[in-house]
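Every number for a ligand or one of its atoms is a count from 1 in the order of the listing. Just so we're clear, the structure is a prediction, and the values are computed from it rather than from any experiment. Reckoned from all heavy atoms, side chains included, excluding hydrogens, waters and symmetry mates.
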Amino acid sequence: MSDPIPTLHVVHVAVHTPVHSGVGVPLSYTHSHPLPPGTLVRVPLGTRQLLGVVWPAPQDAAPPPEHAKLRAIEAVMQGLPALDTTWQRLVSFAARYYQRSVGEIAMAGLPPALRDMTAEQLAKRLQPPKPKKPSKKGAAATAAAAQQAVDNCLEPSQDHSESIALSAEQQSVFSQIIQNPGPFLLYGSTGSGKTEVYMRVVQQALEASPQAQALVMVPEINLTPQLQERFESRFMPMFGAQAVVSMHSGMTDVQRLKSWLAAHTGAARIVLGTRMSIFASLPGLKVIVVDEEHDPSYKQQEGARYSARDLALWRGHACQAQVILGSATPSLESWHASEPASSGGPARYLRLHMPSRIGAGALPRVRLVDMSQQPKKTVFSQPLLEAITERVQRGEQSLILLNRRGFAPVLYCADCNWKSDCPHCSAHQVFHKGDRTLRCHHCGYTQRVPHACPSCGNPDILPLGKGTEQLQEELERLLRNVQRPDGQPARVSRIDADTTKLKGALQEQLALVHSGEVDVLVGTQMVAKGHDFRRITLVAAVQPDGALFSSDFRAPERLFCLLMQAAGRAGRDAAYVSDQGSQPEMWVQSFEPQHSVFAALRQHDYPAFAAQQLRERQDAGMPPYAFQALVRADARTQETAQAFLRAATDAARQGQLPCLDDVFVYPPIPMAMQRVANVERAQMLIEAADRRALQRFLHAWQPWLHWVRGQPQHKGVVRWLVDVDPLSL
Ligand code: ADP
Ligand code: ZN
Ligand code: ZN
């Protein structure tokens with residue numbers, strides 16, 4: 001007599017298979033008993049062993065093949081509760097919407113450390129630390145330490161909510177959020193107290209249920225350590241030391257695993273994170289905040305190109321969490337969604353407005369300088385230079401913005417017209433004077449600056465245009481005889497990607513600005529965001545015109561937003577400004593001072609700007625009045641890349657895909673940055689008036705794209721991708 005053959009159960013598992021292997025459906029494995037969807041397992045794939053998530057059986061699943069042919073699940077990651085249905089649905093939705101495999105999205109949403117961990121390692125990690133048997137003396141010390149910890153928690157923190165009374169505007173916004181399901185667009189000036197409102201809403205939700213959790217997303221967590229401190233000092237005393245965790249790419253794998261586990265098990269009540277945190281497992285999710293919702297960094301720009309803001313809205317709807325989008329300059333998409341529908345119906349988002357700045361002075365006066373009236377090649381117009389000089393002499397600070405690092409964007413020879421082009425990209429190599437290099441900002445290719453023109457030998461090669469490095473040098477020269485109130489010479493410093501490469505460098509340099517060591521700060525847009533500079537009373541954008549002539553239809557929106565944010569840096573502290581007796585100012589030097597972007601900026605009138613831009617977008621049939629996707633192909637030659645895109649279009653026509661008549665497929669064109677690192681790039685725009693039609697078409701098209709790519713004549717295609725709702729064209 002032999003034992004009965006044990007019954008094996010078929011289990012579907014989402015694993016991260018390479019994207020090229022076709023449309024990613026969960027793979028089938030066997031296990032001795034059924035496993036609930038959401039269970040983490042380790043499975044064999046080829047010769048490797050991978051982390052996977054048990055997935056619900058696909059609806060159109062073919063009958064399972066012979067069990068004998070399926071491989072067995074290697075191990076179940078014991079001790080972890082299964083990922084909940086909402087999380088699974090979020091992953092499925094994101095995979096379908098952004099045309100990626102479920103496994104890829106699922107794995108991207110899990111901490112990297114977990115992917116590389118065996119079941120035993122995880123079990124060890126989850127074990128509570130063994131209680132050490134304390135000696136008598138030790139016991140007393142432990143008890144004292146525990147008491148101290150409790151005391152620390154109970155000690156009234158400086159930032160205790162009871163001590164801050166909401167302003168009338170905050171109160172009104174808060175009660176509307178409490179009384180409505182949302183989603184909300186909180187449109188409030190910088191410093192209007194939006195963060196305080198987020199904290200009240202979060203607190204209210206967390207107090208309502210001991211399981212409740214909140215997700216607070218910010219664009220770049222490294223730039224906002226202040227926010228983390230505010231949340232920790234407010235909520236740790238209320239909900240315990242584990243209550244607030246962070247999730248961003250600057251953390252180590254171990255830290256990320258810890259945060260993830262805390263959120264997944266419910267120990268953490270608040271997750272503070274960048275876009276990646278939208279995939280955090282939060283079984284008790286009740287509130288999602290997307291701060292600075294207009295920020296492009298919410299869109300992932302490689303791999304699965306998801307928008308964390310858009311997914312936040314989906315997730316909030318799916319798990320009935322309230323979603324609050326906040327901004328002083330909302331994206332035109334969100335602004336549009338918060339306008340009453342043209343049909344007269346209600347807006348999709350409830351718009352809430354907080355116009356007043358708390359504790360800050362009035363918004364700065366905007367001064368426009370017409371550069372066509374200035375001598376040729378002027379970098380700092382006379383009136384701007386005088387205004388900066390006065391500030392230095394009064395001991396106030398100025399912030400000078402230029403979105404181009406390096407000394408000059410290109411070197412050139414006046415004799416033969418040679419330019420410092422990157423040999424691998426359709427871009428110039430930027431001249432960096434500090435280390436005498438020419439560097440390509442796209443592929444990184446770096447060379448020493450030649451002593452003479454490589455083409456004709458002329459020793460006189462010249463920098464063309466200005467970067468931040470040159471602005472700093474020029475300001476140091478122009479201000480060399482200007483003294484601070486303490487008799488010291490003016491100090492000019494610079495913050496950009498070049499000066500902040502080393503860990504901690506940014507914080508150090510910011511500290512110098514805060515302590516008043518620096519009189520004039522030159523920087524790229526990385527300093528325009530979020531920082532709370534108390535003593536800056538003048539902000540200047542010296543060459544913002546580029547964005548007005550960009551081929552990207554979103555460029556004016558981004559410029560306006562950047563200038564509004566920059567303006568928000570001036571005069572943050574009303575007390576400081578009035579002590580000094582000076583009026584905060586925002587200076588803009590432009591050859592087109594009449595442009596509608598600047599007219600709206602002068603009035604600090606975002607709604608007027610948005611209305612004008614939305615009219616233009618509507619007339620041109622651009623988002624948010626149309627929906628777009630980009631198909632991009634990279635190859636050695638432009639022709640190879642475009643041929644693939646053309647073949648893909650032909651396949652769509654031959655396949656008579658659903659909704660083909662509802663989408664418009666533009667012909668392939670070279671990308672604006674046509675060549676990077678010796679790879680030619682082509683793109684093709686797909687547009688539809690209806691989001692669902694675009695989605696249905698893309699979904700049906702995806703297997704065809706894989707099929708076309710597999711044809712021998714398209715071997716030369718290095719890669720291709722689909723970008724749904726692309727942010728830059
Ligand atoms: P935002 O997020 O809109 O930029 P914050 O919430 O950071 O604004 O508020 C700006 C400043 O005002 C912060 O220093 C904050 O502590 C303070 N603040 C916010 N609300 C209040 C209030 N009701 N009373 C006093 N100070 C407040
Ligand atoms: Zn290059
Ligand atoms: Zn030359």
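Near the Zn ion (ligand 2), less than 2.8 Å away, sit the protein N, O or S atoms Cys422 SG, Cys425 SG, Cys440 SG, Cys443 SG.
Ring centers of His442 and His428: at least 6.0 Å apart, outside the cut-off.
Look at Arg391 and Glu585 and you find a salt bridge, because one of the NZ, NE, NH1 or NH2 atoms lies within 4.0 Å of a carboxylate O, short of that distance. Residues Asp634 and Arg681 are not paired through a salt bridge, judged by the lack of any N-O separation under 4.0 Å between the basic side chain and the carboxylate. A salt bridge is absent between Asp295 and Arg275: the closest approach of a Lys/Arg side-chain nitrogen to an acidic carboxylate oxygen does not fall below 4.0 angstrom. Salt bridge absent: Asp496 and Arg404 never bring a charged side-chain N and a carboxylate O closer than 4.0 Å. Between Glu292 and Arg309 there is no salt bridge, since no side-chain N of the basic residue sits under 4.0 Å from a carboxylate O of the acidic one.
Considering backbone and side-chain atoms together, Ile358 places no N or O closer than 3.5 Å to any N or O of ligand 1. Of the N or O atoms in Gln170, one or more lie within a sub-3.5 Å distance of an N or O in ligand 1.
The part of Ile164 lying near ligand 1 is the side chain, judged by heavy-atom distances below 4.0 Å. Contact annotation for Ser192 and ligand 1: heavy atoms of both the backbone and the side chain come within less than 4.0 Å of the ligand. Residue contacts with ligand 1, taken as heavy atom pairs separated by less than 4.0 Å, involve Ser189 solely via the backbone atoms N, CA, C and O.
Residue contact check: Ser167 has heavy atoms under 4.0 Å from atoms 23 (N) of ligand 1. Close contacts of ligand 1 with Lys194, meaning ligand atoms under 4.0 Å from a residue heavy atom, involve 1 (P), 2 (O), 3 (O), 6 (O), 8 (O). Within ligand 1, counting atoms from 1 as listed, the ones closer than 4.0 Å to a heavy atom of Ala165 are 22 (C), 23 (N), 24 (N).
Between Tyr187 and His353, the ring-plane angle classifies as parallel under the 30° and 60° cut-offs.
Residue nearest to atom 15 (C) of ligand 1, selected from Glu196, Glu169, Arg230: Arg230 (by heavy-atom distance).
Shown here are the salt bridge (charged side-chain N to carboxylate O under 4.0 Å, His left out) partners of Asp435, two or more places apart in sequence or in another chain: Arg439.
Within a 6.0 Å radius of CD in Glu302, other residues, nucleotides and ligands contribute 12 heavy atoms or fewer.
Both cation-pi conditions hold for Arg269 and Phe239: the charged atom is under 6.0 angstrom from the six-membered ring centre and inside a 45 degree cone around its axis.
Of all protein N/O/S atoms, those lying under 2.8 Å from the Zn ion (ligand 3) come to 4.
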Evaluation steps, side-chain contact (heavy atoms from CB on, under 4.5 Å), between Gln470 and Lys433 = CA-CA 8 Å; Gln470 188 171 173; Lys433 195 173 175 184; over 6 Å; no

query = Between Ser338 and Arg351, is a side-chain hydrogen bond (donor to acceptor under 3.5 Å, both in side chains) present by the stated rule, with each step listed?
reply = CA-CA 6 Å; Ser338 65; Arg351 189 190 295 164; 2.9 Å; yes

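Within the structure, the ring-ring contact (aromatic ring centres under 6.0 Å, His included) test picks out the following pairs touching residues 443-469 (sequence neighbours left out): His424-Tyr445.
No donor-acceptor pair under 3.5 Å is formed between the side chain of Ser426 and the backbone N or O of Met673.
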